[in-house]
Amino acid sequence: MDELIPIIAMVLTLGPLAVLAISFTPIGRALSARLKGDTTDFDDRLSTMRDDLRRELLEEQSAQLEELHERLDFTERLLTDSRRRADAPAQTATPV
């Protein structure tokens, strides 16, 4: 039992100091706001993050669609050229 007294004293002394130190960090402030029931800042940040994510996804999809369109145009040109070559009369070499 005598060995537990210093441990208990350290926990009782350092515990509140640790809680006080954590309360000044962003995590501590967020936890404090959550415990108070103040979630407006959280809701605003969540809404902003959601809008940013939607914007990024839209930009990415737009870039992919543009690339797909370029590939389709290239494929159409290749098909058109190959059809023209197939329809053109075969030219034979004439001896000079």
Side-chain angles (χ1 to χ4, degrees):
M1 182 72 177
D2 289 337
E3 299 158 351
L4 290 177
I5 291 175
I7 294 173
I8 293 173
M10 281 189 355
V11 168
L12 291 177
T13 303
L14 297 177
L17 290 176
V19 170
L20 183 65
I22 289 173
S23 69
F24 289 109
T25 65
I27 294 173
R29 282 180 268 165
L31 183 61
S32 173
R34 178 71 85 163
L35 291 173
K36 289 179 187 175
D38 182 23
T39 60
T40 56
D41 186 40
F42 177 74
D43 292 341
D44 291 341
R45 285 186 294 154
L46 184 62
S47 176
T48 302
M49 288 172 61
R50 185 177 48 234
D51 292 341
D52 291 344
L53 182 60
R54 283 182 181 163
R55 190 175 310 108
E56 285 178 27
L57 287 174
L58 184 62
E59 289 172 0
E60 185 178 326
Q61 286 178 345
S62 177
Q64 288 177 352
L65 185 61
E66 185 177 331
E67 182 181 346
L68 185 62
H69 184 69
E70 289 175 7
R71 289 180 179 199
L72 181 64
D73 286 344
F74 178 74
T75 306
E76 286 176 345
R77 284 193 304 271
L78 283 179
L79 286 173
T80 303
D81 289 344
S82 65
R83 286 181 184 160
R84 284 182 187 160
R85 288 183 190 141
D87 291 342
Q91 296 178 355
T92 56
T94 57
V96 178

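One-based numbering along the sequence shown.
Taking the charged nitrogens against the carboxylate oxygens, Asp87 and Arg84 have no contact shorter than 4.0 Å, which rules out a salt bridge. Note on Arg55 versus Glu59: no salt bridge recorded, every NZ/NE/NH1/NH2 to OD/OE distance being 4.0 Å or above.
Of the inter-residue distances, the one linking Leu78 atom CG with Arg83 atom CZ reads 11.5 Å to the nearest 0.5 angstrom. Distance NE2/His69 to CG/Leu65: 8.5 Å, rounded to 0.5 Å. Within the model, atoms CG of Leu35 and CG of Leu31 stand 4.5 Å from one another, a figure rounded to the nearest 0.5 Å. Taking CD1 from Ile8 and OG1 from Thr13, the interatomic distance works out to 11.5 Å, rounded to the nearest 0.5 Å. A distance of 11.0 Å separates CG in Leu58 from CG in Leu53, rounded to the nearest 0.5 Å.
Pro16 has its side chain out of reach of Leu20: every pair of non-hydrogen atoms, C-beta onward, lies at least 4.5 Å apart. Using a 4.5 Å cut-off on side-chain heavy atoms (C-beta onward), Glu66 and Glu70 make contact.
For Ile27, the CD1 atom is loosely surrounded, since the number of other residues' heavy atoms within 6.0 Å does not exceed 12.
Formation of a donor-acceptor pair under 3.5 Å by the Thr25 side chain with backbone atoms of Ile22 is found in this model. Between the side chain of Thr80 and the main chain of Glu76, a donor-acceptor pair closer than 3.5 Å is present.
In this structure, Leu12 is a member of the same hydrophobic cluster as Leu4, with clusters built from ILVMFWY side-chain heavy atoms closer than 4.5 Å.
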Quiz item: side-chain contact (heavy atoms from CB on, under 4.5 Å) between Glu56 and Glu60: does it pass, once the steps are laid out?
Solution: CA-CA 6 Å; Glu56 285 178 27; Glu60 185 178 326; over 6 Å; no

